[in-house]
Every structure is written in structure tokens, then in C-alpha cells.
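Step one of this worksheet: look at the structure below.
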Amino acid sequence: MKRVFHFALLLLAVPTVARGEPYIVGDRANPQCREALAFASAAFRSDHFVMADSTPPRGWPARPLLGWNGLNNYGITFDEATFAEQGPSGDSLLTLYWQRREHGGKRFVGVDFTPNWKGDYFYILLVDAALSEAAVRAALDAGTIDSPLNEEDQILFQDKAGRYGLLTLPHGYEIERSWTVQAVSANGVSTPCRITLRKWTGKPLVHLPPPVRDLAVLLRHAVGPPDPLSNGFMSGRLEIAVLKSWANAVDRPWALSSYNNARAAFVRVGLRSWARQNHVQAAVLTKIIARRAPAVHALAAYYHSRFGLAAADAQRVGAFVTDYMMIPYFSFETTAEQEDKEARSRFTANPWPAHRAPAARGAPPTGG
């Protein structure tokens, strides 16, 4: 009875978060917007950590032609019947994805440029079909290219009626909150809508219960400030991974699909070694360990309330997510032996129940 009462008290502390799946903001009748919504809804339900990295749903009437595959610095996918990959040429460092056939006097051209450690720049142009590849390269190098499209990180698709649409994805360092939809027709390029992927705003942790936030504060404390001698890339990469992981913990917990057991064990060993260095760090680790259980129970109450999970299922998922989130904060110095161990390791899978559709209860918003 006491345990049931404790769970009920936790439910009272569960924050209110906007529910529902992706929805259209703008022209809900536009065919390209409807195609994009079908893609986004399937991506939301998928177990892909990044929604834009999902493959289109089975039966999706549109066909992806060219685009960023969703994971920053990972590569470009393209339909080989529609585009030809043209590598760097002469003084040009650009890789172009050249549409083989023009349409209405225009041609799509994908541009991929790998400049430095920050990663690739990829964007899609719509240029005059009379321009040669050499002319496009020269215009790009000179900064004089004329195109109504110039957004980074896009996916180009075409529906059964031959209409072209583009999804503009968030930058790799951002939480996926929306995709912008552009439609290309004989009249030019328009932006009929955007697809809202997450209705909530602000930082993810604001939307999780206080015991979860308390644990996150301690984990961030253990990481400490960035190394003043570093360029910030490593700490920045970790910050992005943590931010996106907490965002999924809020409204797509099934997308935290598994964690590497050897990696988790390595982090635990690293934390214990770190704690032995002085009494202040030892006290931080003691608090982290003590606050795990309250975080698990609070997440369980949150998942029970928001997603309708049975209490036992919610408890298992809450424990998994809490343990998952202990990993992305840390990057201890590793060895080839450890990397080999992680490569051969088993994974702990997310216990999200298979019989539960991975979507929040309640009808999705209709948009505006």
C-alpha cells in the first residue's frame, strides 16, 4: 500500500508535456506536405535515434531522390537512376550530384563540401539546365550561383504525380523540432508548410520530473568544464549527444534503443577511478549513485502517465533510460583493447513493450 501511494505521489509531480505525433503547420491539403507528414509520423514512431535518419515508411507513395541521410557527417544518399555523383574536379573541392535529366528548363544539383573538422556542408540547388557542370562549379567557387534553393541538409523527393518536394532538416547540433517543406513547380519554389515534430519548447530536462533533473545536474557536474587546451570539439560532441538523448527521453523513449554493455561498464570504472582522486569527486559520485533510484521511479511515473505503460513496464523503461543516460556524458581515455571489447560486446535492449504502439496517448494536435 505504501509503495502504491508513493507511485501516486510521483504521478502528481509529472510535468505536463504537449502530447501527440508530428503535424502540419500551414497548408494541410498540399500534397507535398501530406507526403512529408507521412514520412515524419513513421520516423517519430521508429526506433531511430535521429528521426531524419529513418527510411521512408513502407508504402510511402513518394520516392526519395537525394539528401542528407540524417546523421551529421555520415554521408549522402541518392537515386542513381536520377543523379550522377561527380567528384572533385580540377581546383574544385566540391562533390556534385548532377540530375541526369532536366525538368522544365531546370536541374537539381546536390553540393557536398568537406571543409574541416566541423563536417560536411550539403545543400541542394535548382539551376538553369543550360549551365554545364564546369559553369556551376565556377559559379559556386565565385559565390555567384543563382538558385532559389540554398538551405543546408535537405532531402529531395518526388511523388507519383511527378511533383518535387524538399525537406529542410535541422542542423546536426540541434534538437529535431520541425522540418520545413518546400514544393517545386513550374511557378517556382514555395514553402507551403512545416512539419512540427515536437510541440514542446525549451530544454528537454525542463519537461522531466525534478529527481531526473537532479541526477542530470550531478552528471554534468562530474563532466566539469571543457579542457582549455582543446578546440571544444569533443566536449561539444558530447553536449549534443546528451541534449538529443534527453529530448528522446521526453517524448520518444523507445528511440533510445540499446546501449553497449562494455561501454557502460567502462564508464562505471572510469567514474570510480575519477572519484578516488579526491573527496569532493567521491562525494559527487556518492550522490549520483544515491539519486539513481529516485530518478528511475520518477521516470516510471512519467512514462505511466504520458504513454499509458503498465506500472511494471514503466519501471523497467525508467531504469533503462536512467542507465542509458549515464553513458553519453563521459569520454574517458580509451585503449585499442577497450575499443575491441566494445566492438564485440552485447547490448542491453530497451524494454519498451512490443504490444504498446510507440506514441503518446491523446489525439495529435491539428496544427494551425
Side-chain angles (χ1 to χ4, degrees), residues 22-43 51-52 54-57 59-70 76-86 96-112 121-133 135-137 139-140 143-171 176-197 366-368:
Y23 60 94
I24 295 171
V25 176
D27 185 358
R28 294 193 289 272
N30 179 277
Q32 307 305 63
C33 294
R34 296 176 71 87
E35 298 285 12
L37 179 62
F39 192 171
S41 296
M51 282 181 269
S54 301
T55 54
W60 193 50
R63 183 165 62 109
L65 299 177
L66 173 68
W68 205 235
N69 76 348
I76 310 301
T77 57
F78 65 100
D79 181 74
E80 295 185 9
T82 307
F83 286 89
E85 182 178 9
Q86 310 287 8
L96 300 184
Y97 295 85
W98 193 260
Q99 190 174 22
R100 298 178 186 275
R101 296 182 181 179
E102 66 172 89
H103 62 96
K106 298 290 184 180
R107 187 191 311 276
F108 288 103
V109 179
V111 182
D112 183 29
Y121 292 136
F122 175 74
Y123 48 96
I124 298 172
L125 305 174
L126 183 62
V127 302
D128 193 314
L131 291 175
S132 66
E133 179 189 337
V136 170
R137 288 183 183 275
L140 285 167
T144 58
I145 196 72
D146 183 21
S147 169
L149 303 175
N150 60 3
E151 297 290 337
E152 291 181 37
D153 302 352
Q154 291 188 310
I155 296 174
L156 173 69
F157 63 90
Q158 185 179 29
D159 68 13
K160 286 186 175 180
R163 293 175 292 238
Y164 289 97
L166 294 105
L167 300 177
T168 301
L169 311 176
H171 291 290
E176 293 177 290
R177 299 190 186 278
S178 66
W179 295 345
T180 300
V181 181
Q182 290 179 292
V184 180
S185 68
N187 297 323
V189 178
S190 62
T191 306
C193 68
R194 73 175 186 274
I195 307 298
T196 296
L197 305 171
T366 58

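What you are looking at is a predicted structure, and each value in this text was computed from that prediction instead of being measured. In what follows, residues are counted from 1 in the order of the sequence shown.
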Worksheet item: Nearest 0.5 Å, what's the OG1-CG distance between Thr77 and Leu65?
Response: 10.0 Å
Item to complete: First locate atom CH2 of Trp179, then atom CG of Leu197, and finally report the distance between them rounded to the nearest 0.5 Å.
Response: 6.0 Å
Worksheet item: Which value, rounded to the nearest 0.5 Å, describes the distance between Arg177 atom CZ and Thr196 atom OG1?
Response: 11.0 Å
Discussion item. Please check: side-chain N/O of Ser147 versus main-chain N/O of Leu126, any donor-acceptor pairing under 3.5 Å?
Written reply: yes
Worksheet entry | Atom pair CZ/CD1 of Arg34 and Ile24 - distance to nearest 0.5 Å | 6.5 Å
Practice prompt. Kindly indicate, with the supporting measurements, whether the criterion side chain to side chain contact (heavy atoms under 4.5 Å, CB included) is fulfilled by Thr180 and Leu167.
Written response: CA-CA 6 Å; Thr180 300; Leu167 300 177; over 6 Å; no
Discussion item. Please give me the minimum heavy-atom distance between Gly26 and Cys193, naming the atom from each residue.
Written reply: CA-CB, 4.1 Å
Worksheet item: Is there a side-chain contact between Glu85 and Ile76, using heavy atoms and a 4.5 Å cut-off?
Response: no
Worksheet item: Can you name the closest pair of heavy atoms from Leu66 and Phe122 and give their distance?
Response: CG-CZ, 4.0 Å
Practice prompt. Give me the ring orientation class for Phe108 and Tyr164: parallel if the planes are under 30° apart, tilted from 30 to 60°, perpendicular past 60°.
Written response: tilted
Worksheet item: Checking side chain to side chain contact (heavy atoms under 4.5 Å, CB included) for the pair Gln158/Asp79: CA distance, chi angles, key distance, verdict?
Response: CA-CA 11 Å; Gln158 185 179 29; Asp79 181 74; over 6 Å; no
Fill in: Arg100 side-chain N/O to Glu80 backbone N/O, donor-acceptor pair under 3.5 Å
yes
Response to the item:
Looking only at heavy atoms, the pair that brings Pro148 and Val189 closest together is CG-CG2, 3.8 Å
Discussion item. Please tell me whether Phe78 and Phe83 form a close aromatic pair, meaning their ring centres lie under 6.0 Å apart.
Written reply: no
Item to complete: Carefully, step by step, assess Gln182 and Gln154 under the rule side chain to side chain contact (heavy atoms under 4.5 Å, CB included).
Response: CA-CA 10 Å; Gln182 290 179 292; Gln154 291 188 310; 3.0 Å; yes
Worksheet item: Nearest 0.5 Å, what's the CG-OG distance between Asn30 and Ser190?
Response: 6.5 Å
Practice prompt. Assess whether side chain to side chain contact (heavy atoms under 4.5 Å, CB included) is satisfied between Leu140 and Leu96, documenting all intermediate values.
Written response: CA-CA 11 Å; Leu140 285 167; Leu96 300 184; 4.1 Å; yes
Fill in: Minimum-distance pair of heavy atoms, taken over all atoms of Ile155 and Ala52
CD1-O, 4.4 Å
Worksheet item: Which pair of non-hydrogen atoms, one from Gln32 and one from Phe157, has the smallest distance, and what is that distance?
Response: O-CZ, 3.9 Å
Fill in: Nearest heavy-atom neighbours spanning Ser178 and Pro170
O-CG, 3.6 Å
Item to complete: State the CZ-CH2 distance between Arg107 and Trp98, to the nearest 0.5 angstrom.
Response: 5.0 Å
